[in-house]
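In what follows, a structure is listed as structure tokens, so that the remarks can point back to it.
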Amino acid sequence: MRRGLQPVLEGHRIVHAETRRTDLRVPFPANFARRLKGRRVKRLWRRAKYLLAELDNGETLVVHLGMSGRMSVHIPGARREPGVPRSHTVHGVASSRHDHVIIETDAPAQIVFTDPRRFGLMMLIDTEALGAHPLFAALGPEPLSQKLSAVYLNAVLKGKKTPIKSALLDQRVIAGIGNIYACEALFRARISPKRLAANVRLRSLGALSLSIKAVLREAIAAGGSSLRDHKRVDGNLGDFQHSFAVYGQGGQPCPTCCGGTIRRIRQAGRSTFFCPKCQS
DNA sequence: CGATGCCCCTGAGAGC
DNA sequence: TGCTCTCAGGGGCATC
């Protein structure tokens, strides 16, 4: 998403902003749109699952998509997003009842934030205080950075009695891994999701580090995983769901042809998919 | 301190 | 057709 938004946001000025519904998980401040208008985006970056647009007034726009959020880009004069009925348009651009924020930049482009379940958030935080903000202060290292290594995992998981799967979802351990990629990484590393975090051997933690990086790199290159709501910013589906080895594959034979069957279990309220034969 | 369950919300699909 | 139930890329909070 960050890569898709970069060409129409970074270095560009916000010429218009408006909010529709403002009662998301974290409600927008009343003057949210006014504070955005006229600002230039100095840098568009990402930390964990947060998209960050550093503005030219010392504030940073923080975006989280929650479960069902997405961003879409509409270029004036370009073809409509695939599958959008002609009738549902505002300013000549597709609009649904779940479009909560519309931002226009001088790219020129219109950027729409859509979130049916409204678990997402958008807020403005002083750029200087970003690192100390409660959303960011306790986040673990970026999985694609060199900080994620067997040695790091060994240290941070020491004494942790939680299952390794749950530890991977803990954003204080590693920042940015979600349910799909936790399952896929554990499968590739042949580690049981039920194994207690502290009991995973150093050797396996090495395999896990590499698996996490590989899965995330591949998924990003594929445009993400389109299960329900996710689409790329151009409206096209991501492709990584076609490459799942275990996620959503309960009852199917293990892709390694080990003869095992993919099982679905529930851990800490989330579905986990794994091969009991490969991952022990 | 850390683990667990519940909750926020809407929509899709299955089963009856 | 319509009801009820379960499930979904996340994470904050109360409760043990």
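Here is the naming used below: chain letters follow the sequence lines, and residue numbers restart at 1 for every chain.
A:Leu121 has its CG atom 9 Å from the P atom of C:dG12, to the nearest Å. Rounded to a whole Å, the CZ atom of A:Phe119 is 14 Å from the C1' atom of C:dC13. For the pair A:Arg118 CZ and C:dG12 P, the computed distance is 18 Å after rounding to whole Å. Atom CZ of A:Arg47 is separated from atom P of C:dG11 by 13 Å (rounded to the nearest Å). Taking atom CG of A:Leu65 as the reference point, atom C1' of C:dG10 lies 10 Å away to the nearest angstrom. If you take CG of A:Leu135 and P of C:dG12, they are 7 Å apart, rounded to a whole angstrom.
With hydrogens and angles disregarded, a donor-acceptor distance shorter than 3.5 Å links the side chain of A:His12 to the backbone of A:Pro7. The main-chain N or O of A:Ile174 is never found under 3.5 Å from a side-chain atom of A:Asp170 such that the two would form a donor-acceptor pair. In this structure, the side chain of A:His100 engages the main chain of A:His98 through a donor-acceptor pair within 3.5 Å.
If you check every strand for non-hydrogen atoms under 4.0 Å, A:Asp229 touches a base. Across all strands, A:Ser225 comes closer than 4.0 Å to base atoms (heavy-atom distances).
Nucleotides of DNA chain B with any atom under 4.0 Å from a heavy atom of chain A span, from 5' to 3', B:dA3 to B:dG11.
Between A:Asp56 and A:Arg39, at least one side-chain nitrogen of the basic residue sits less than 4.0 Å from a carboxylate oxygen of the acidic one, meeting the salt-bridge criterion.
Remark: the separation of the C1' atoms in B:dA3 and C:dG9 is 23 Å, to the nearest Å. Annotation: B:dG11 and C:dG11 have their P atoms spaced 22 Å apart (nearest Å).
When only modelled atom types and interatomic distance are considered, A:Tyr247 and A:Ser225 share no side-chain donor-acceptor pair under 3.5 Å. Looking at A:Thr114 and A:Arg70, their side chains never bring a donor and an acceptor atom within 3.5 Å of each other. When only modelled atom types and interatomic distance are considered, A:Thr127 and A:Thr60 share a side-chain donor-acceptor pair under 3.5 Å. Side-chain contact annotation: A:Thr272 with A:Gln267, donor-acceptor N/O pair under 3.5 Å present.
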N/O contacts under 3.5 Å, protein versus nucleotides 5-8 of chain C?
| unit_1 | atom_1 | unit_2 | atom_2 | d |
| --- | --- | --- | --- | --- |
| C:dC7 | OP1 | A:Arg264 | NH2 | 3.2 |
| C:dA8 | OP1 | A:Ser271 | OG | 2.6 |
| C:dA8 | OP2 | A:Ser271 | OG | 3.3 |
| C:dA8 | O4' | A:Arg228 | NH1 | 3.4 |
| C:dA8 | N3 | A:Arg117 | NH1 | 3.2 |

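Annotated as anti: B:dG13, whose O4'-C1'-N torsion sits more than 90° from 0.
Ring planes of A:Tyr181 and A:Phe240: tilted class, angle from 30 to 60°.
In this entry C:dG10 has B:dC8 as its Watson-Crick or G-U wobble partner, both defining distances falling under 3.5 Å.
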